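Right, one structure below, let's go through it.
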Amino acid sequence: MEIKDKPAIAVYCSSSSRLSEIYLEAARQTGSLLAKAGADIVTGGGNMGLMKAVADGALADGGTVRGIIPGFMIERGWHDDRIELVEVAGMHERKAMMADAAWGAIALPGGIGTFDELCEIMTWRQLGLYKGNVVIANINNYYAPFLSMLENALQQKFMNPEHVEIFKIASTPAEAVENALAPHSGIEFKPKF
């Protein structure tokens, strides 16, 4: 998938349908703000939880959402029919394609799958394999334990101090979107909002 004329932002997030409204509203706002800024959105293509809420917000404001989703998830009916879907063979291909398409990545709250996506994009950024912006959306202080673990890794010398620079922390959807769309690699994208 190529993004030719405008950036796409990968949004990693939960597909759980049992979430507090604070997280669902943050996801809707994130989708809406990205759409208003003129950015395409790339998600995992799911039809529940925060993934659906991101698409809801974006579609309500005329945005474009692409879902990268493995075939087995389509077979199980886990896909969002309202968005453009790109079927892939498996999870590794999904993550690589999402990263390849993305100017930046936002990790909204999520579970194991979201942690996996976030840690992988952070590792790729650390190794120079990904040049985009990485944003941890610490909505409702959700990521506090994860951030504490990173701080411990830094203090215990498992992480180099410069590795803290590979990601930004945001406490609101607006801050997450602003950081995800910020200029990088000598290229500037001027959001519309």
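Just so it is clear, the structure is predicted and the values come from calculations on it, not from any experiment.
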The side chain to side chain donor-acceptor pair (under 3.5 Å) partners of Tyr130 (sequence neighbours excluded) come to none
Across all chains, not counting sequence neighbours, the side chain to side chain contact (heavy atoms under 4.5 Å, CB included) partners of Ala27 are Leu50, Ala53, Val54, Leu108
Could you pull out all residues at least two apart from Thr172 that satisfy side chain to side chain contact (heavy atoms under 4.5 Å, CB included)?
Ala174, Glu175
Which pairs pass salt bridge (Lys or Arg N to Asp or Glu O under 4.0 Å) with one or both residues in residues 161-173, sequence neighbours excluded?
none
For Glu75, which residues count as a salt bridge (charged side-chain N to carboxylate O under 4.0 Å, His left out) partner, sequence neighbours excluded?
none
How would you list all residue pairs meeting salt bridge (Lys or Arg N to Asp or Glu O under 4.0 Å) that involve residues 106-123, not counting sequence neighbours?
Lys95-Asp116, Lys95-Glu120
Going by the salt bridge (Lys or Arg N to Asp or Glu O under 4.0 Å) test, which pairs reach into residues 46-59, not counting sequence neighbours?
Lys52-Asp56, Asp56-Arg82
Do any side-chain atoms of residues 148-158 form donor-acceptor pairs under 3.5 angstrom with protein atoms, and if so which ones, sequence neighbours left out?
residue	atom	partner	partner atom	Å
Glu151	OE2	Gln155	NE2	2.6

Return the set of residues passing side chain to side chain donor-acceptor pair (under 3.5 Å) with Gln29 (not counting sequence neighbours), or none when no residue passes.
Glu25
With the side chain counted from C-beta on, respond yes when Val42 and Ile9 share a heavy-atom pair under 4.5 Å apart, and no when they do not.
no
Looking at residues at least two apart in the chain, or sitting in another chain, which of them share a side chain to side chain donor-acceptor pair (under 3.5 Å) with Asn160?
none
Residues in side chain to side chain contact (heavy atoms under 4.5 Å, CB included) with Arg76, at least two apart?
Phe72, Trp78
Pairing residues for Thr123 by the side chain to side chain donor-acceptor pair (under 3.5 Å) criterion, not counting sequence neighbours:
none
